[in-house]
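Below is one structure, written out as structure tokens; the observations come after it.
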Amino acid sequence: MRNKLKALFEKELYCITAEEFSNGKDNIQVVKELIDSGVKIIQYREKDKKSLYKYEECKKIRELTREAGVTFILNDDIDIAILVNADGVHIGQEDIPIKKVRELVGNDMFIGLSTHSSEEAQSAVANGADYIGVGPIFKTSTKKDVCDPLGFEYLEYVSKNIDIPFVAIGGIKEHNVSEVLNHGARCVCMISEIVGAEDIGLKVKRIKNIIKNTK
Ligand code: 3NM
């Protein structure tokens, strides 16, 4: 799993849905545009919607991502992830402990965990996370209860000391993505910059080009 994820996250763009920032488009429309633009990793993240609504959307997104060979990850909703056969789940520090999540999802579904400090990163590894989120790098207003921006120090710590795949997140935009890559990230995660773009296809194309051309 670790090697598979390392390859998946190698110089890649990881996109997360958020209808509230999608300029009136629904998640299905956004996911179609992401897939058409060549995005390979999509996470469904909706904090305030009812389970039935999320389940129906995720069923549809699973079909679309499966057809396109795109990795589909669900945020928080382990039950929906199991029901729709997602590729992975992503959880936070205050969710069910990873070892318990593992009991539910088994070894075929990967588990990602948001981390914000070296202690959290080490604990994620010790508890069997398959990858970690590293952030917030910059200020973000997309995630409500997140800590202050961490800058590059924690990202550099992870890139040098943590042996599982990781993705950088938080306030990452087209204009600062190369800096994030230059500080050790191989995979960058974005919400508002992508789903809120006037032309998602064009935005993804430009960002993927920057990723490709940064060492
Ligand atoms: N997790 P945007 S920051 C979902 O640091 C999320 O763990 C974060 O949104 C973390 O790209 C974040 O719009 C929000 O800044 C990222």
Side-chain angles (χ1 to χ4, degrees), residues 9 12-23 25 27 30-31 33-34 37 39 41-49 54 71-77 81 86 88-95 98 101 111-125 127 129-159 162 164-181 183-198 200 203-204 206-208 210-211:
F9 290 166
E12 201 47 85
L13 171 65
Y14 175 151
C15 292
I16 305 182
T17 66
E19 221 161 64
E20 147 185 32
F21 299 97
S22 301
N23 291 327
K25 287 180 197 165
N27 283 323
V30 168
V31 165
E33 291 182 35
L34 293 175
S37 327
V39 170
I41 310 155
I42 298 177
Q43 182 191 125
Y44 179 90
R45 182 177 186 273
E46 285 297 340
K47 294 284 182 190
D48 301 320
K49 295 228 162 102
K54 293 200 271 189
T71 297
F72 179 41
I73 303 163
L74 244 107
N75 186 281
D76 287 356
D77 295 293
V89 280
H90 187 99
I91 56 173
Q93 291 291 326
E94 285 164 15
D95 291 319
I98 296 188
V101 177
I111 304 172
L113 177 69
S114 297
T115 68
H116 318 285
S117 66
S118 51
E119 292 77 19
E120 287 179 0
Q122 286 162 14
S123 156
V125 176
N127 287 302
D130 294 301
Y131 80 92
I132 54 172
V134 172
I137 308 294
F138 305 109
K139 188 170 165 22
T140 177
S141 33
T142 309
K143 185 172 180 171
K144 293 180 181 75
D145 50 356
V146 79
C147 58
D148 287 341
L150 300 171
F152 296 124
E153 200 180 319
Y154 175 46
L155 175 62
E156 286 182 351
Y157 167 82
V158 170
S159 75
I162 296 294
I164 62 172
F166 62 94
V167 301
I169 187 163
I172 304 177
K173 311 276 177 196
E174 183 181 349
H175 71 82
N176 59 27
V177 65
S178 58
E179 248 187 304
V180 178
L181 295 161
H183 283 86
R186 307 299 292 170
C187 186
V188 284
C189 202
M190 298 183 201
I191 303 184
S192 49
E193 180 73 343
I194 305 282
V195 301
E198 205 149 300
I200 289 180
K203 180 61 86 178
V204 168
R206 288 207 300 253
I207 291 173
K208 276 183 148 275
I210 297 172
I211 295 173

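The analysis underlying the following values was restricted to heavy atoms, covering all of them including side chains, and did not include hydrogens, waters or symmetry mates. One-based numbering, in listed order, for ligands and for the atoms of each.
Between Q93 and D95 there is no side-chain heavy-atom pair separated by less than 4.5 Å.
Aromatic ring pairs are classed by plane angle as parallel below 30°, tilted from 30° to 60° and perpendicular above 60°; the pair H90 and Y131 is tilted.
The shortest heavy-atom contact between L34 and I194 is CD2-CG2, 3.5 Å.
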Using a cut-off of under 3.5 Å, which N/O atoms of ligand 1 pair up with protein N/O atoms, and what distance separates each pair?
| residue | atom | partner | partner atom | Å |
| --- | --- | --- | --- | --- |
| ligand 1 | 5 (O) | G135 | O | 3.4 |
| ligand 1 | 5 (O) | P136 | N | 2.9 |
| ligand 1 | 7 (O) | K143 | NZ | 3.4 |
| ligand 1 | 11 (O) | I191 | N | 2.9 |
| ligand 1 | 13 (O) | T142 | OG1 | 2.5 |
| ligand 1 | 13 (O) | S192 | N | 2.9 |
| ligand 1 | 13 (O) | S192 | OG | 2.5 |
| ligand 1 | 15 (O) | T140 | OG1 | 2.6 |
| ligand 1 | 15 (O) | G171 | N | 2.8 |

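Between the side chains of T71 and Y14, not a single donor N or O lies within less than 3.5 Å of an accepting N or O.
Aromatic rings of F152 and Y157 (six-membered ring for Trp) have centroids beyond the 6.0 Å cut-off, not under it.
We find that K208 and E12 are joined by a salt bridge, their nearest charged nitrogen and carboxylate oxygen being less than 4.0 Å apart.
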